[in-house]
> 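Just passing along the structure, written as structure tokens.
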Amino acid sequence: MKKYLALACAFACAASFTACHDDDDDDDQKNYVADFTSSSAVSYIPGAQTAANKVGLNAFLLSDNEGKTDVACYMYASEQEIATPYIVDEEGFENFYGGFCPTAFDASDESWDPYRPASGSYHSGSGALVCNPGQLCRPIFTRRHFAIDMSALGSAITLGDMEGLWVCPTAQYSKLTTEEGRSELGISSGVKNVEIRFYVYAYIKTLSLSAGWSAIKELFATNIKESDVKSSSYAVLAKCDASGNWTVNKNWQYVDLDDVEDYYVFEASLAVVDASTGSTSKLLELQGDDVDGGNKLNYCIVDDITLESKSLF
């Protein structure tokens, strides 16, 4: 009897193949949200970023807590000092130099200024990623796990296209809205009609399972330059009008990456642009901790990197 019921179901599905196929598509479109509050794997990248290595930095790929996607992190730490699962504490965060680093603090704890989110909360959960773009340390994130093991095969199947992410300025940006704060940041009254934008660049559209790790190493070794492929979606973290008045968007903003969804590697970037033309502006430089007296505006917070989650069946 069971045999006949199975055959009947098979014929019914065949007769209405389009409907059955649509159901499968619906299942395939479920989203996967990466969580980096702890890292399930840490991959040391030997020889990565030659220039960075000269100043004692090491490059790592941190995998999210399910080992399905990675972010690049640069630290004053050796391979032996990074344990798995990797949870960044206060001491560990002090070793952070650039790229992405999981937060080690409560989002509302003002003692963690200037690195905490300006919103005073994470987009979801108890943590997010501090993002610091730099000349030596590029904030790379991926849509599959590139560790040197066979688990990469599984992630290639279970994760689909990139969907998007959420971004928020750091608490440091709040200083832009007062004359005293701007003076502290070293920003002159001549800075007008500019926006500080968060962009995402995309790399590697075709990738074989065996070439994943070598492709990542090549990107690091060449000290990635801005790709010609940039998502049309971006977030404006702060803007200054023609009269010199600053506005900071303290809310979390979604950056939709549908137009670059089928690439494998992405890079976050912060830029100061002319508000009227969108072209790069030289009126303001975003500086990090490595600059004496730096304004520390070269930081933002990224949360809930979201990808399409595919069914294995």
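On a predicted model such as this, the values are computed, not experimentally measured, just so you know.
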> If every non-hydrogen atom of Pro114 is compared with every non-hydrogen atom of Lys296, which pair is closest and at what distance?
CG-CD, 3.6 Å

> First locate atom CG of Asp161, then atom OG of Ser309, and finally report the distance between them rounded to the nearest 0.5 Å.
12.0 Å

> Nearest 0.5 angstrom please: Phe60 CZ to Asp70 CG, how far?
13.5 Å

> Kindly indicate, with the supporting measurements, whether the criterion side chain to side chain contact (heavy atoms under 4.5 Å, CB included) is fulfilled by Ser126 and Thr37.
CA-CA 7 Å; Ser126 59; Thr37 47; 4.0 Å; yes

> Below 4.5 Å, heavy atoms only, C-beta onward: do Phe266 and Met162 meet side chain to side chain?
yes

> For Ser243 and Asn245, indicate whether the former's side chain and the latter's backbone hold a donor-acceptor pair under 3.5 Å.
no

> Could you give me the CA-CA distance, side-chain angles and deciding distance for Thr306 and Asn31, then say whether side-chain hydrogen bond (donor to acceptor under 3.5 Å, both in side chains) is met?
CA-CA 6 Å; Thr306 305; Asn31 286 339; 5.9 Å; no

> What closest approach, in Å, do Ala128 and Val302 show between heavy atoms, and which atom pair accounts for it?
CB-O, 3.4 Å

> On the six-membered ring of Tyr32, is Lys68 placed so that its NZ or CZ lies under 6.0 angstrom from the centre and within 45° of the ring axis?
yes

> Do any N or O atoms from the side chain of Trp252 and from the backbone of Ser121 form a donor-acceptor pair under 3.5 angstrom?
yes

> Do you know which two heavy atoms are closest between Tyr173 and Pro169, and how far apart they sit?
CG-CB, 3.7 Å

> Hey, does Phe96 have a side-chain heavy atom less than 4.5 Å from the side chain of Val130?
yes

> If you take all heavy atoms of Ala268 and Phe141, which pair is closest and at what distance?
N-CE2, 4.2 Å

> Report the C-alpha separation of Tyr203 and Glu267 in whole Å, then their side-chain angles, then the decisive distance to 0.1 Å, and conclude whether the side-chain hydrogen bond (donor to acceptor under 3.5 Å, both in side chains) test is met.
CA-CA 8 Å; Tyr203 305 84; Glu267 178 187 352; 2.5 Å; yes

> Take Asp304 and Ser124 through the side-chain hydrogen bond (donor to acceptor under 3.5 Å, both in side chains) test and state the conclusion after the steps.
CA-CA 7 Å; Asp304 291 343; Ser124 70; 2.7 Å; yes

> Yes or no on side chain to side chain contact (heavy atoms under 4.5 Å, CB included) for Met75 and Cys101, after CA distance, side-chain angles and deciding distance?
CA-CA 9 Å; Met75 285 197 171; Cys101 184; 3.7 Å; yes

> Within the structure provided, determine whether Glu308 and Glu261 are in side-chain contact (heavy-atom separation under 4.5 Å).
no

> Drop me the distance from Ser232's OG to Tyr199's OH, to the nearest 0.5 angstrom.
11.0 Å

> Any non-hydrogen side-chain atom of Arg138 less than 4.5 Å from a side-chain atom of Tyr201?
no

> Strictly distance-based, threshold 3.5 Å: is any side-chain N or O of Arg143 a donor or acceptor partner for the main-chain N or O of Gly160?
yes

> Measuring only between side-chain heavy atoms, which start at C-beta, is Ile196 closer than 4.5 Å to Leu284?
yes

> At what distance, to the nearest 0.5 angstrom, does CG of Leu237 lie from CG of Asn251?
11.5 Å

> Would you check if the side chain of Ser174 reaches a backbone N or O of Gln172 as a donor-acceptor pair within less than 3.5 Å?
no

> Begin with the C-alpha distance, continue with both residues' side-chain angles, and end with the deciding distance and a verdict on side chain to side chain contact (heavy atoms under 4.5 Å, CB included) for Val273 and Val194.
CA-CA 6 Å; Val273 303; Val194 297; over 6 Å; no

> Are the side chain of Ser39 and the backbone of Val42 linked by a donor-acceptor contact shorter than 3.5 Å?
no

> Distance from Glu184 atom CD to Leu176 atom CG, nearest 0.5 Å?
11.0 Å

> Closest approach of Val236 and Asn249, non-hydrogen atoms and distance?
O-CB, 3.7 Å

> Determine whether Val71 and Ile305 make a side-chain contact, defined as any pair of heavy atoms from C-beta on separated by less than 4.5 Å.
yes

> Under a 3.5 Å distance rule, please check whether Thr103 uses its side chain to pair with a backbone N or O of Leu129 as donor and acceptor.
no

> Going only through I, L, V, M, F, W and Y residues with side-chain contacts under 4.5 Å, is there a path from Val200 to Val33?
no

> Which of parallel (below 30°), tilted (30 to 60°) and perpendicular (above 60°) describes Trp166 and His123?
parallel

> May I ask you to decide if Gln287's main-chain N or O and Asn295's side chain share a donor-acceptor pair within less than 3.5 Å?
yes

> Run the ring-centre check on Tyr234 versus Phe198 and record whether the distance is less than 6.0 Å.
no

> Do you know which two heavy atoms are closest between Pro117 and Ala107, and how far apart they sit?
CG-CB, 3.7 Å

> Rounded to the nearest 0.5 Å, what's the gap from OG on Ser108 to OH on Tyr122? Could you check?
9.0 Å

> What I want to find out is whether Asp262 reaches Lys205 closely enough, with some N-O distance under 4.0 Å, to be called a salt bridge.
yes

> So Asp258 and Glu163, side chain to side chain contact (heavy atoms under 4.5 Å, CB included) or not? Walk me through it.
CA-CA 6 Å; Asp258 277 353; Glu163 295 287 328; 4.0 Å; yes

> Tell me, do Cys73 and Phe100 make a side-chain contact under 4.5 Å, heavy atoms counted?
no

> Does any part of the side chain of Ile301, heavy atoms only, come nearer than 4.5 Å to the side chain of Val167, both counted from C-beta?
no

> Testing the 3.5 Å rule here: is there a donor-acceptor pair between the side chains of Ser38 and Asn65?
no

> Just by modelled atom types, is the His145 backbone N or O under 3.5 Å from a matching donor or acceptor in the Thr69 side chain?
no

> Within the distance-only criterion (no hydrogens, no angle test), does the side chain of Ser40 pair as donor or acceptor with the backbone N or O of Gly67 below 3.5 angstrom?
yes

> Is the Tyr97-Tyr74 ring centre distance short of 6.0 angstrom?
no

> Run the numbers on Ser231 and Ser233 for side-chain hydrogen bond (donor to acceptor under 3.5 Å, both in side chains), then give the verdict.
CA-CA 5 Å; Ser231 174; Ser233 177; 4.9 Å; no

